[in-house]
Amino acid sequence: MSQPKSDKKNNFYITTPIYYINDKAHIGHAYTTITADVLARYHRGLGDEVLFATGTDENSQKTVQAAEKVGQDIVSYTDEMALKWQETWERLGVNVDVFIRTTEERHKTAVYEMLDKLKKSDDIYEGLYEGLYCVGCEEFKRPDDLVEGKCQEHNQIPELIKEKNHFFRLSKYADQIKDHIKKNPDFISPVSRKNEILSFIEQGLDDISVTRESVEWGIPFPDSEGEVLYVWIDALTNYLTVTGYPSDGYDRWWPADIHVVGKNIIKFHCIIWPAMLMSAGLPLPKQILAHGFLNVGGTKISKSLGNAIDPIDLANDYGNDALRFLLLRIVPFGDDGDFTMEHFKALYNAELANDLGNLVQRTVKMIERYQGGSVGPLKEAAHDVKEYHDAMKGFRFDRALEHVWVVIKSTNQYLEEEKPWSIDEPEAEHRREVLAYCVSNLVHIAQLLTPFMPDTSKKIIDIFSDEKVTNPGILFPRLD
Ligand code: MSP
């Protein structure tokens, strides 16, 4: 029996885009996945049952080209790269529930079911596509998408292709999508992205190709030999595959609560995907959450420029939690941000080594020195967490962290004012209370930081979970 609908409010299904495997992950991809992981962990903390999915988009021309380039057969290449991506997320402390690969059989099943539904709605027809295609974007382009004849994203002249293929009646759903966006103010977040999509729909929607004839690698189109499914139609359906669709019980998780995506792929998620779901008679995801792009030192991250930073290198050098914290701290969600090592190190020293690391170390040290390591009874401190939760629910992770840092800084300040190191023995109980107050603040801080810095938070909570404190050593060694 599938779960009754009234339980749905406790289920929280969140996804990242599934990534192309022509290269390894860089900090831009890590930014997306870590953001989604923070939300997933936050919801687990609220008591929700969470399904967090990420994966790899393998049926792309880019896969074929990349395998050719390294002279590897495509199947072993995809296996190797998919594993690499999976290991990257594990290394970065990302708690994935389902990792989906589009070359899996279960995915094909979901895709064929979706395709059947589209056909039954009479939304698939045969035609001829004559026009431009950018393999970098895996996207059909209109001349007005280009600047001086080039795709801006990839700085490349798209291919001119002419092929027989099958189309999906996207145009039919323009009004319905527009209505949905207007009636569901949170469907596309932030508002700037919603407006971008609305004005795009305003210009009219063309039907789109859902198959490719000149391409061999992909899910075969069952009705016409020699055609494979257009990779985006295949890729978007992954969000259903993850729920077990079309098996019974998939609606325990579908519709998804949040698709986290970068701003570059909102048209696919806010127009094509909703139209496919409408045609298939399935409910739409509740929210598409689009973030901005990270640049490196003011320059777009690009393979050809060789400026991509490997998040694993950063995690190895500075710690996993430091990377997670700094990525979300650096940029107000939704905006583009600039990543530089100088800024990264400055924030690390100021906020992790000085503010947080010091508070932990000095509190533990004083408890060891003055009280033989035992804290004694804690007073339940009243903490106002509304601001933090409002920020988390509004995806303002920078503000949520700011709120936590106010508590950290004021606790450091409190120590400066109370000076437990100059309290004399007759006042030992007062000194103990001062330190106990710091401990209760630290536990509170660790709880709020759990979604962002799971390992550090656990370490802090563990320090105080026994009779006597256990000194974890320096949490964030200062960088020169
Ligand atoms: N395979 C498609 C997505 C299919 S989803 C059904 C794809 N893959 S991708 O590997 O190119 O990854 C795209 C996503 O990675 C972006 O939408 C964004 O979330 C993330 N980012 C890639 N570069 C980024 C930055 N420089 N900055 C921030 N995010 C970046 O598109």
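Read the numbers this way: they start at 1 and go in the same order the structure lists the ligands and their atoms.
- No side-chain heavy atom of Phe52 sits under 4.5 Å from any side-chain heavy atom of Arg41.
- The side chain to side chain donor-acceptor pair (under 3.5 Å) contacts involving residues 186-195 comprise Arg193-Glu196, where partners must be two or more places apart or lie in separate chains.
- Of the charged side-chain nitrogens involved, none lies within less than 4.0 Å of a carboxylate oxygen, so that Asp398 and Arg329 do not count as a salt-bridged pair.
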Is there any protein N/O under 3.5 Å from an N/O of ligand 1, and what does the full list of such pairs look like?
unit_1, atom_1, unit_2, atom_2, d
ligand 1, 1 (N), Ile18, O, 2.8
ligand 1, 1 (N), Asp57, OD2, 2.7
ligand 1, 10 (O), Tyr20, N, 3.0
ligand 1, 17 (O), Gly262, N, 3.2
ligand 1, 17 (O), Asn264, OD1, 2.8
ligand 1, 19 (O), Thr32, OG1, 2.7
ligand 1, 19 (O), Gly262, N, 3.1
ligand 1, 19 (O), His291, NE2, 3.4
ligand 1, 26 (N), Leu294, O, 3.0
ligand 1, 27 (N), Leu294, N, 2.9
ligand 1, 29 (N), Gly28, O, 3.2

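- By the side chain to side chain contact (heavy atoms under 4.5 Å, CB included) test, His343 pairs with Ile330, Thr340, Leu347, sequence neighbours left out.
- No side-chain heavy atom of Val228 sits under 4.5 Å from any side-chain heavy atom of Trp217.
- Residue pairs meeting the salt bridge (charged side-chain N to carboxylate O under 4.0 Å, His left out) criterion with at least one member in residues 197-220, sequence neighbours excluded: Arg142-Asp206, Glu163-Arg212, Lys178-Glu202.
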